[in-house]
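These notes are about the structure you will find just below.
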Protein chains: 2
Amino acid sequence: MFSRPQNSLKQIAAKLGVSMTTVSRVLSGQAGKYRISEETATTILDYARKENFTPNPIAKGLRLRRTNTIGLVIADVINPFFAGIASEIANATRNLGYSLILSDSKGDLTLEKQAVELLWQRQVDGMIVCPASESFEHLARYAKERRPLVLVDQVSPEIGLPYVTSDNFAAGKMATAHLLEYGHKRIACLQGRPTTITSRLRVQGYAAALAGRGIAFDPAIVVGDSFDEQGGYLDTKLLLQSGRDVTAILALSDPLALGALRALAEEKRRVPEDVSIIAFDDQPFLAHLSPPLTTVAQSARAMGGAAVKILFERMRVADAAGDANNAGLLLPVSLITRKSVHKLG
Amino acid sequence: MFSRPQNSLKQIAAKLGVSMTTVSRVLSGQAGKYRISEETATTILDYARKENFTPNPIAKGLRLRRTNTIGLVIADVINPFFAGIASEIANATRNLGYSLILSDSKGDLTLEKQAVELLWQRQVDGMIVCPASESFEHLARYAKERRPLVLVDQVSPEIGLPYVTSDNFAAGKMATAHLLEYGHKRIACLQGRPTTITSRLRVQGYAAALAGRGIAFDPAIVVGDSFDEQGGYLDTKLLLQSGRDVTAILALSDPLALGALRALAEEKRRVPEDVSIIAFDDQPFLAHLSPPLTTVAQSARAMGGAAVKILFERMRVADAAGDANNAGLLLPVSLITRKSVHKLG
DNA sequence: TTGAAAGCGCTAACAG
DNA sequence: CTGTTAGCGCTTTCAA
């Protein structure tokens, strides 16, 4: 089919008058180990170089039962946060000599399950998944099977799989504390999908900060059920029209904050004079809004990088009697202060 | 290594008392063709279903010389435009039963070359690449070898490879014409990397629109050499401080527009009253800036989808005496009018 | 209607 | 220092 005929160990061996074995050994850097003569080795190496030959990874994979391939299933590559994770993972795995098979689950649990199964079938040596939803029990069996699999972002410590995520509790608490310091007492929270682990933890952090100041948690101003712009718009609108007297809004995602901004503008509330706002996930454009938005930043790159590190450690000790010390990593978050929080009183 | 022992055709055959061959045929839907008895077929199918068995794709790949795998090399997954393309490609290929091997070239030509080579080595059945730079001559040989490879975004018709990109010339012309209609005559252009095909075509469109109105092309106000925010900031700053009297800026990317906005704010020019601005690539947040930015939208999703269609067509006719009618696709762009263009006079 | 056997390209015992 | 051989899991002649 292609005009460039793939040549093989066998062909090279024939042409050079040596055995396949020798060629194989030289090409896989085992010349030293088998004490193959300098001369033979260079002949082979030169020829391979000239012909631009590399052993067929498919055949290798079949024989070795390892494919030098990592699977990544991600909820939604368009989302810049996930894109950041994916980018970092792509680079890190490449640098380690692995190829990346990417699967986008579109936030759909069924697709996610299929993707994971397909990837194992494809014999990936390891896998990273950003669970699409709040349920990842379907992944539990892989923990038992001791497969190299690490969870990112949406995680559950109980499931017995290594993971890396941000310290979402601290994030919620930190943002709320900031608002509190600036004199806010009525702080609404746009919570995103409440069944989501990240949402729950952030809201818990929010509640903890409030409790620290002796302020009651008011369920009426903790609202929302999606992480997107539309949700932020709608819930802010409802909140404002309900006449609840909030002086600040904590939006648990960037799109949520965008939606809130739109609602606020429509309702003629100035930001931050009338209503302060803090966003989550520091996308570059936040600095360019008016006003520039104060936000809680989590590092997608750090998450991706850490996931790869943990995964490869797992792969290394996979067959060793690894005692599966469950590497769970909680990455720190930081508050980026800009101009969307107003000092009260 | 894993507790779940992969079972194989051989094992199934043994357990069921039939031959591997039969199992293989049934499982690959060839039961009819070989007139295998209803009974045998269902037995095998049931067992496979129960055991959740799927033939090892690696072995299959080795035997069949086709891996059901597509390669994608992309300049930068974090860039939302490329992320959109990647997302669409991921979904489309998945729906067609293919897995996607992703490689991020980081906009680096060397990495891109390596990625492409590695992917062919990995025996991908087809490949899509978004060239990182203005040079893609290194891809020319694949055209000669008649490999299924399609270029996206940054393309060159002469190279003999099928491609899909936006109508960049029309895009530049359309945006400029809009400005012209609104009475602008001194229109600066933040051109991004000028060696880039997309930049060149858009600037040509800009020039054409100007020429259509008998306005001279002034090289002094067509500036810049990168597509990022920093570049937009710097070049706008210089432009303003040089005292050139521009009334509008055409920014050939979103980040460029963001940078321009920052510079404009610093220099106390109001948008759009003092200076109008049009951006490129419609990112969701553009609607949330103040003012909401008018922009030229190109559909990343459409590009990804089209690329996959063309690729699979190519793959289908790869060995047929395909007359290689060079499918080059120019996707239409559209102008999204918001509030950043002021009517003059 | 079914099976035996060869072989895809590679590596790893085992044997010198 | 080098080679022979078996076999990874699959599909496909060829033969029955």
Side-chain angles (χ1 to χ4, degrees), chain A residues 1-2 4-45 48 51-69 120-125, chain B residues 1-2 4-45 48 51-69 120-125:
Chain A
M1 157 177 182
F2 296 141
R4 184 171 54 154
Q6 296 285 358
N7 49 20
S8 62
L9 288 195
K10 201 198 271 190
Q11 293 175 33
I12 294 185
K15 190 142 320 190
L16 263 39
V18 294
S19 74
M20 283 174 61
T21 313
T22 302
V23 181
S24 170
R25 300 213 248 243
V26 170
L27 258 27
S28 54
Q30 310 209 284
K33 181 174 163 193
Y34 287 97
R35 313 205 301 171
I36 287 168
S37 75
E38 192 74 16
E39 191 195 334
T40 315
T42 36
T43 311
I44 294 174
L45 247 18
E51 293 285 300
N52 193 17
F53 173 82
T54 326
N56 182 329
I58 304 295
K60 225 164 153 162
L62 182 58
R63 176 67 233 238
L64 259 23
R65 293 146 166 301
R66 84 196 264 299
T67 54
N68 260 257
T69 276
W120 288 132
Q121 269 166 210
R122 277 208 180 270
Q123 321 274 37
V124 295
D125 297 332
Chain B
M1 158 176 179
F2 298 140
R4 183 171 55 151
Q6 297 284 358
N7 49 20
S8 62
L9 288 194
K10 199 198 272 190
Q11 292 175 32
I12 293 184
K15 191 143 319 190
L16 262 40
V18 293
S19 74
M20 284 174 62
T21 312
T22 302
V23 181
S24 170
R25 301 214 248 241
V26 170
L27 259 26
S28 54
Q30 310 210 283
K33 181 175 165 192
Y34 288 98
R35 314 203 302 170
I36 288 168
S37 75
E38 192 75 16
E39 192 195 334
T40 315
T42 37
T43 311
I44 293 173
L45 247 17
E51 294 285 302
N52 193 18
F53 174 81
T54 325
N56 182 328
I58 304 295
K60 224 164 153 163
L62 182 58
R63 177 68 232 240
L64 259 24
R65 291 141 169 302
R66 81 195 269 298
T67 53
N68 260 255
T69 277
W120 288 132
Q121 270 166 209
R122 278 208 179 270
Q123 321 273 38
V124 295
D125 297 332

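A, B, ... follow the sequence lines: proteins, then strands. Residue 1 opens every chain.
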Phosphate OP1/OP2 of [N] contacted by [X] side-chain N/O (<4.0 Å):
X        : N       : answer
Ser37(A) : dT2(D)  : yes
Ser19(B) : dT2(C)  : no
Arg65(A) : dT11(C) : no
Lys10(A) : dC10(C) : no
Ser8(B)  : dG9(D)  : no
Arg35(B) : dT1(C)  : yes

Comparing nearest nucleotides in DNA chain C, the 5'-proximal residue of the pair Ala59(B), Ile36(B) is Ile36(B)

Out of curiosity, [X] [atom1] to [Y] [atom2], how far, rounded to the nearest 0.5 Å?
X        : Y         : atom1 : atom2 : answer
Glu51(B) : Lys15(B)  : CD    : NZ    : 6.5 Å
Thr21(A) : Ile36(A)  : OG1   : CD1   : 9.0 Å
Asn52(B) : Gln121(A) : CG    : CD    : 7.0 Å
Leu9(A)  : Phe53(A)  : CG    : CZ    : 4.5 Å
Ile12(B) : Ile44(B)  : CD1   : CD1   : 8.5 Å
Asn56(A) : Arg122(B) : CG    : CZ    : 10.0 Å

Separation of [X] atom [atom1] from [N] atom [atom2], in whole Å?
X         : N       : atom1 : atom2 : result
Ile58(A)  : dC8(C)  : CD1   : P     : 16 Å
Glu38(B)  : dT1(C)  : CD    : P     : 10 Å
Gln11(B)  : dC8(D)  : CD    : C1'   : 12 Å
Leu9(B)   : dA5(C)  : CG    : P     : 17 Å
Arg66(B)  : dT12(D) : CZ    : C1'   : 16 Å
Glu39(B)  : dT1(C)  : CD    : P     : 12 Å
Met20(A)  : dA12(C) : CE    : C1'   : 11 Å
Gln121(B) : dG9(C)  : CD    : P     : 15 Å

Per [X] side chain, nearest of listed nucleotides [options]:
X        : options                  : value
Asn56(A) : dC10(C), dA12(C), dG9(D) : dC10(C)
Thr22(B) : dT2(D), dC10(D), dT2(C)  : dT2(C)
Tyr34(B) : dT13(D), dC10(D), dG3(D) : dT13(D)
Arg63(A) : dG3(D), dC10(C), dT12(D) : dC10(C)

Thr21(A) (side chain) and dA12(C) (base): donor-acceptor pair under 3.5 Å: yes

Checklist entry - So what does Thr40(A) hit on the nucleic acid, given a heavy-atom distance under 4.0 Å: a base, only sugar-phosphate, or nothing? => result sugar-phosphate

(message) What's Leu64(B) touching, base or sugar-phosphate or nothing? Going by heavy atoms closer than 4.0 Å.
(response) sugar-phosphate

Fill in: Close side-chain approach of Leu27(A) and Leu45(A), heavy atoms under 4.5 Å
yes

- Is any side-chain heavy atom of Thr40(B) less than 4.5 Å from a side-chain heavy atom of Thr22(B)? yes

Per-helix bend value, the helix from dT1(C)-dA16(D) to dG16(C)-dC1(D), C1' rotation axes over five pairs per end, 10° rounding, shows 40°

